[in-house]
Q: 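Let me begin by handing over the structure; questions about it come next.
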2 protein chains.
Amino acid sequence: MIEPRHLRVLRAVSATGSFSAAARELGCTQPAVSQQMKALESAAGTPLIVRAGREMRLTQAGEVLVRHATGILAGLTAAEEEIAAIAGLRAGRVRLVSFPSGSSTLVPSALAALRAAHPGTRVSLVEAEPPSSAEMLRAGDCDVALAFRYGGPGEEWDDLVERPLLTDRLVGVVPEDHRLARAESVSIAELAEEAWIAGCPRCRTQLVEACGAAGFSPRIDFATDDYPAVIGLVAAGLGVAVLPELALASARVDGVRTLRVAPAVRREIVALTLPDLAQVPAVAATLDELERAAER
Amino acid sequence: MIEPRHLRVLRAVSATGSFSAAARELGCTQPAVSQQMKALESAAGTPLIVRAGREMRLTQAGEVLVRHATGILAGLTAAEEEIAAIAGLRAGRVRLVSFPSGSSTLVPSALAALRAAHPGTRVSLVEAEPPSSAEMLRAGDCDVALAFRYGGPGEEWDDLVERPLLTDRLVGVVPEDHRLARAESVSIAELAEEAWIAGCPRCRTQLVEACGAAGFSPRIDFATDDYPAVIGLVAAGLGVAVLPELALASARVDGVRTLRVAPAVRREIVALTLPDLAQVPAVAATLDELERAAER
DNA sequence: GCTCGATTATAAGGAGCGCTTTGGGGTATC
DNA sequence: GATACCCCAAAGCGCTCCTTATAATCGAGC
């Protein structure tokens, strides 16, 4: 078995023409070089160098091996450098999945900071709602998933690493001329008779649950996961809605009023990843930047 | 430091998708694979594989390393195979130097046998007389030198490996119509008054010495290391000569008679090489074939 | 829900390898 | 002839790696 160590020694010996000089170049003692060369010759099955008086020359086999050594060692160092670039965040790719309101608020800020801190990293972004984004993670189709949950921590991603980012609150959205438009806050029950405009499927489920807790079943006239559309529909007087604060942060709110909802309904926004991937530098850096973006 | 062993393990793990299967493929135990992978990840500074439930997938760094591994391991095996070809006499080059009468007798026979036994070997042949052929050996300009010596073993190549091939005898050469042409043998002293035709410088020196021992100094009219020319000069009646038997073996002897010289003068024909080179398979095979050719 | 089979991780023991130190032989140079 | 340099050989030591043995985890099937 020929080892890279052998090839380094042989190359140094060939370059310097002396065991001692090679040892100095390699930072070891001369007997070490001597032993390596002997081991290499034994592995090769034929002498590699020939000593004629003072000087050394390579045999044909030695020349062959030196010629190969260059390529092999170059390949090895190239591999090491590329890996070091990934480990040192001078390179690396992160496949990020986010839900719509996250990808328009947290994600741009986080990715800008990531790019600034580590210009070599590359991030790809795909949109997906929480139930499927965790599946993409498990299937290996992404590295980080931005997700949210309404309930407690005992949810469907116990096998994933969860990095909490922020707590989002639901706010009520009513037309400017609504009877409650001037109220500071509103309870869900006060909207029992309204027409509703629901958001994404998961938010819709949450809405139905919240209304159920307040003792009624909402009459949902429209449902879309396009939040600007929801706001537009509300502004047009077609109904009311509850939306995550985060969704409002990146939308124009002309023609509507937002109301605090009492009791407050919260959703936890978290970043998910696989346990192993959490150790990957580029993934860890992305999680850090997402957390930092959430603080702003 | 990334070792080829690591790359082999990683490649096997990547190919089989399992540590245990990789261990079976590599012919070692599963903990060995586990430890190698851990060591490799530690050396890389980032995870290389990610476990999602049952299956394993490579991280980006893992994919990079596998991609490099192919080339690196291919280079290593190519080097090993090329060296093995030289060590196994399926390849290899020998630079042979011979004196003229050797290269026309021993050498063709030996090289034909070498080619038959090891078709992959290549031999180059250059002619040079003994004093300089040993120098070429020391200077690295050839691998094997065919040489001869008249004296005892204590000569000028103590630092070389000497393989004795055969003992050559000097014979006298006289014109067909010479007064001694019918004699069985002749002593040097009987030729004291003749005109002499000498061979190569070394043979000429030897001739002068032998004549000196017989009590006279030869009158040398011509000197050439072209043995057919010597024979031609003798046949033309321009003098007498003593030549090695070997030189006569490959020359036409029309018009001359050969006589045994008493007391016999011998020269040892040997193959020389450097101690290190004697271990090189192609060199050793060449020496063996030369020895075998000398027996014929 | 439970057990079985397979896979992986961990710990301990032992063998092998490589490096260093030390001392000796050889050669070219002054 | 003395010196300096270079290489080899042997002994000691630490380290690495592999193996065996055992525990823990996961998925499949009854």
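Chain letters run A, B, ... following the sequence lines, proteins first, then strands; residues in each count from 1. Only a predicted model underlies this, so the values are computations on that prediction, with no experimental measurement involved. No hydrogens, no waters, no symmetry mates; every other heavy atom, side chains included, goes into these values.
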Q: Scan residues 59-86 of chain B for pairs that pass salt bridge (charged side-chain N to carboxylate O under 4.0 Å, His left out), counting only residues two or more places apart or in two chains.
A: A:R67-B:E82, A:E82-B:R67

Q: I need the minimum non-hydrogen distance between A:T273 and A:D143, along with the two atoms involved.
A: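 Closest heavy-atom pair between A:T273 and A:D143: OG1-O, 2.6 Å.
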
Q: Check the phosphate of D:dG27 against B:R51, side-chain N and O only, distance under 4.0 Å to OP1 or OP2. Yes or no?
A: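 Checking B:R51 against D:dG27: no side-chain N or O falls below 4.0 Å of OP1 or OP2.
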
Q: Counting only non-hydrogen atoms, which of residues 4-22 of chain B are less than 4.0 Å from DNA chain C?
A: B:S18, B:F19, B:S20

Q: Specify the separation, in whole Å, of atom CE of A:M1 and atom C1' of C:dC17.
A: 15 Å

Q: Just the rounded figure in Å: distance from P of D:dC5 to CE of A:M56.
A: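 Taking atom P of D:dC5 as the reference, CE of A:M56 is at 17 Å.
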
Q: Tell me: CD of A:E3 to C1' of D:dT16, nearest whole Å?
A: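 Rounded to whole Å, this separation is 12 Å.
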
Q: Would you please test A:L114 and A:T286 for side chain to side chain contact (heavy atoms under 4.5 Å, CB included) and show each step?
A: CA-CA 7 Å; A:L114 184 67; A:T286 303; 3.6 Å; yes

Q: Once ring-ring contact (aromatic ring centres under 6.0 Å, His included) is applied, do any residues pair with A:F19, and if so which ones, sequence neighbours excluded?
A: none

Q: Could you go through B:R138 and B:E135, starting from their C-alpha distance and side-chain angles, then the distance that decides it, and tell me whether this counts as salt bridge (charged side-chain N to carboxylate O under 4.0 Å, His left out)?
A: CA-CA 5 Å; B:R138 294 193 186 90; B:E135 277 318 305; 2.7 Å; yes

Q: List the residues meeting side chain to side chain contact (heavy atoms under 4.5 Å, CB included) with A:A39, not counting sequence neighbours, and say none if there are none.
A: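 By the side chain to side chain contact (heavy atoms under 4.5 Å, CB included) rule, A:A39 matches A:H6.
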
Q: In this structure, are over 12 heavy atoms from other groups packed under 6.0 Å from A:R204 atom CZ?
A: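 It does not: A:R204 CZ has 12 such atoms or fewer within range.
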
Q: Within residues 26-40 of chain A, which residues have any heavy atom lying less than 4.0 Å from an atom of DNA chain C?
A: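 Only A:C28, A:T29, A:P31, A:A32, A:Q35, A:Q36 qualify.
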
Q: Which residues satisfy the side chain to side chain contact (heavy atoms under 4.5 Å, CB included) test with B:E129, sequence neighbours excluded?
A: B:F99, B:P100, B:P131, B:F148, B:C200, B:D225

